[in-house]
Amino acid sequence: MARLCTQMNPLLEERVLKRLHQRKIFTIVDILQENADKLIQITKLSYKEILQIRQNIIANYSAFPVKGIDAYNEILSNTALIPSGIESLDAMIGGGFLTGKIYEVCGSSGSGKTQLCLTVSAHIAHDFKQEVHYIDTKTDFSGKRVQEVLESKGYHDETSLHHDQDGHHSVRIIILDSLPALFFPFLGKNLNDGLTLMNQMANTMKYIVTEYHVTFLVVNLAMQLLEEENVAGDGSNECIPQDGNLVICDTMKPALGKYWLDIPCTRLFIHKINSTERRQIAVMKSTSLSTKKRCKVLINQKGVISALGSE
């Protein structure tokens with residue numbers, strides 16, 4: 001929400017803002033919710049002036065009404081499913097990544113999160129003919145690995161990396177690898193800046209996916225719960241059987257704390273099977289998919305590919 005400033009209305013002078021801030025009125029929502037008589041006492045302005053400020057804020061910051069049919073047609077015309085290029089994964093998540101949504105892939109270190117992102121980006125850029133914005137916060141992006149994935153599938157890098165200048169290419173997915181590198185330096189007992197930055201990040205991501213009809217795919221780290229934290233939850237993360245073993249999602253949690261838990265619409269958990277190239281991907285949390293869904297993939301020269309045993 002917007003903070004009050006002198007540019008909003010000539011009546012909001014510095015002395016008036018100082019009085020408002022002293023009474024913990026900082027934003028446009030605060031001033032609209034506050035009682036008019038109280039605002040008169042605080043600001044020393046007249047009722048007519050308070051009414052003028054409120055009307056000006058409402059006119060400039062309120063949402064415009066939209067007919068339901070118009071909103072439906074806009075969503076219908078701009079929404080798309082973006083296939084990952086991994087058949088078992090696409091089958092599990094309903095055909096691909098839905099635009100206008102935030103997806104997260106989390107897992108322990110070395111589980112294959114980055115390999116999954118590189119495979120998805122290579123497929124979308126070459127086969128789906130859409131631009132991919134790949135944001136690497138760990139500074140370990142490997143162009144050679146992307147080239148290896150493309151060449152193993154018979155693609156030529158000259159063709160894949162060619163960018164048309166006729167405007168037909170458009171951005172449909174933004175990949176952020178990874179989140180913890182951005183926020184860990186600002187999180188801790190005596191550091192509260194991380195939560196503010198996280199809030200700004202979440203709001204910006206939601207605005208981008210809604211306004212521009214794109215998909216955000218973010219990478220997060222999954223960490224082992226401490227014994228005192230490993231208490232019975234709400235049952236949303238179940239024990240997932242695989243090859244006689246169990247991947248107990250209840251003993252793992254995404255990094256960045258409780259605030260970030262509900263930001264992604266779908267959280268995928270990737271797990272290494274017995275220290276091999278095999279991986280299992282499970283739906284850890286979703287607003288539209290069953291958390292019982294899972295699929296198996298392989299990581300090899302071609303990147304991440306489907307394996308038998310998807311459910």
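Please read these numbers as outputs of a predicted model, since none were measured by experiment.
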Quick one: pull up CG in Asp30 and NE2 in His21 and give me the separation to the nearest 0.5 Å. 9.0 Å
So, for Phe269 and His271, which heavy atoms are closest and what is the spacing to 0.1 Å? CE2-CB, 3.9 Å
Shortest non-hydrogen contact from Ala202 to Ile263? CB-CD1, 3.9 Å
Keeping the roles fixed (side chain from Arg267, backbone from Leu261), state whether a donor-acceptor pair exists under 3.5 Å. yes
Residue pairs meeting side-chain hydrogen bond (donor to acceptor under 3.5 Å, both in side chains), one or both in residues 178-187, sequence neighbours left out, come to none
Treat each ILVMFWY residue as a node, draw an edge where side-chain heavy atoms are under 4.5 Å apart, and state whether Leu182 and Phe216 are in one component. yes
Listed by chain and number, what are the side chain to side chain contact (heavy atoms under 4.5 Å, CB included) partners of Lys18, not counting sequence neighbours? Gln22
Donor-acceptor contact below 3.5 Å, side chain Asp136 vs main chain Asp140: yes
How would you list, by chain and number, every residue that makes a side-chain hydrogen bond (donor to acceptor under 3.5 Å, both in side chains) with Gln52, sequence neighbours excluded? none
Can you name the ring pair (Phe, Tyr, Trp, His ring centres under 6.0 Å) partners of Phe128, sequence neighbours left out? none
Heavy-atom closest pair, residues Gly96 and Tyr103: O-OH, 4.1 Å
Quick one: does Glu131's side chain get under 4.5 Å of Arg172's, heavy atoms only? no
Hey, does Leu268 have a side-chain heavy atom less than 4.5 Å from the side chain of Glu104? no
Determine whether Leu150 and His126 make a side-chain contact, defined as any pair of heavy atoms from C-beta on separated by less than 4.5 Å. yes
Establish, from distance only, whether the side-chain atoms of Asn199 and Thr196 form a donor-acceptor pair under 3.5 Å. no
Positive for side-chain contact (heavy atoms from CB on, under 4.5 Å) with Ile86, one of Leu298, Ile93, Leu116: Leu116
Does Val219 belong to the same Ile/Leu/Val/Met/Phe/Trp/Tyr cluster as Leu89, with side-chain heavy atoms less than 4.5 Å apart forming each link? yes
Between Ser306 and Ser88 (side chain of the first, backbone of the second, donor and acceptor by atom type, cut-off under 3.5 Å), is there such a pair? yes
Non-hydrogen side-chain atoms of Gln55 and Leu51 separated by less than 4.5 Å: yes
Assess, by modelled atom type and distance only, whether the side chains of Gln115 and Arg145 contain a donor and an acceptor separated by less than 3.5 Å. yes
Hey, what do you get for CE (Met284) to OG1 (Thr291), rounding to the nearest 0.5 Å? 10.5 Å
Report yes or no: does Ser108 contribute a side-chain atom to a donor-acceptor pair with the main-chain N or O of Ala222 at less than 3.5 Å? no
Sub-4.5 Å side-chain heavy-atom contact between Ile208 and Val214: yes
For Pro254, does its backbone N or O pair with a side-chain atom of Asn220 as donor and acceptor, under 3.5 Å? no
Verify, without hydrogens or angle tests, whether Asn78 (side chain) and Ile75 (backbone) share a donor-acceptor contact under 3.5 angstrom. no
Atom CD of Gln301 and atom CD of Glu277: how far apart are they, to the nearest 0.5 Å? 11.5 Å
Verify same cluster id: Leu17, Ile31 (apolar side-chain graph, 4.5 Å): yes
Minimum heavy-atom distance between Ile175 and Ser121, given as atom pair plus value: CD1-CB, 3.8 Å
Val149 with Leu217, same ILVMFWY side-chain cluster at under 4.5 Å: no
Do side-chain atoms of Thr6 reach the backbone of Leu12 as a donor and acceptor pair under 3.5 angstrom? no
Are any non-hydrogen side-chain atoms of Ile102 and Val209 less than 4.5 angstrom apart? yes
Taking C-beta and beyond as the side chain, do Leu221 and Lys113 meet within less than 4.5 Å on heavy atoms? yes
Got a second to check how far Arg54's CZ is from Glu34's CD, nearest 0.5 Å? 8.0 Å
Aromatic centroids of Tyr134 and Phe141 separated by under 6.0 Å: yes
Residue among Leu4, Ile28, Ile58, Leu11 satisfying side-chain contact (heavy atoms from CB on, under 4.5 Å) with Ile53: Leu11
Gap between atom NE2 of His123 and atom CD of Gln130 - 0.5 Å precision: 10.5 Å
Would Asp177 and Lys138 count as a salt bridge (charged side-chain N to carboxylate O under 4.0 Å, His left out) here? Give the steps. CA-CA 7 Å; Asp177 183 12; Lys138 308 192 310 301; 2.9 Å; yes
Filter on side-chain hydrogen bond (donor to acceptor under 3.5 Å, both in side chains), then keep only pairs touching residues 35-46, sequence neighbours left out; what's left? Ser46-Glu49
Where the side chain of Arg279 meets the backbone of Val304, is there a donor-acceptor pair that is under 3.5 Å apart? no
Using only atom types and a distance under 3.5 Å, with no angle test, would you say the side chain of Thr215 pairs donor to acceptor with the backbone of Leu98? yes
Between Cys117 and Val105, which heavy-atom pair has the shortest distance, and what is it? SG-CG1, 4.4 Å
CD (Gln280) and CD1 (Ile270) are apart, to the nearest 0.5 Å, by 10.0 Å
Angle between ring planes, Tyr212 versus Tyr207, binned at 30° and 60°: parallel, tilted or perpendicular? perpendicular
Linking I/L/V/M/F/W/Y whenever their side-chain heavy atoms sit closer than 4.5 Å, directly or via other members, would Leu32 and Leu39 fall into one cluster? yes
Are Trp260 and Leu179 packed together at the side-chain level, in the sense that at least one heavy-atom pair is separated by less than 4.5 angstrom? yes
Contacts of His133 meeting ring pair (Phe, Tyr, Trp, His ring centres under 6.0 Å) (sequence neighbours excluded), chain-then-number -> none
Pick one: which of Leu45, Ile42, Asn9 meets side-chain contact (heavy atoms from CB on, under 4.5 Å) with Val16? Leu45
Stepwise, does the side chain to side chain contact (heavy atoms under 4.5 Å, CB included) test hold for Leu197 with Phe186? CA-CA 9 Å; Leu197 295 172; Phe186 304 98; 3.9 Å; yes
Checking the side chain of Thr276 only, and the main-chain atoms of Ile273 only, is there a donor and an acceptor separated by less than 3.5 Å? yes
Of all heavy-atom pairs between Met92 and Cys295, which one has the smallest distance, and what is that distance? SD-N, 3.6 Å
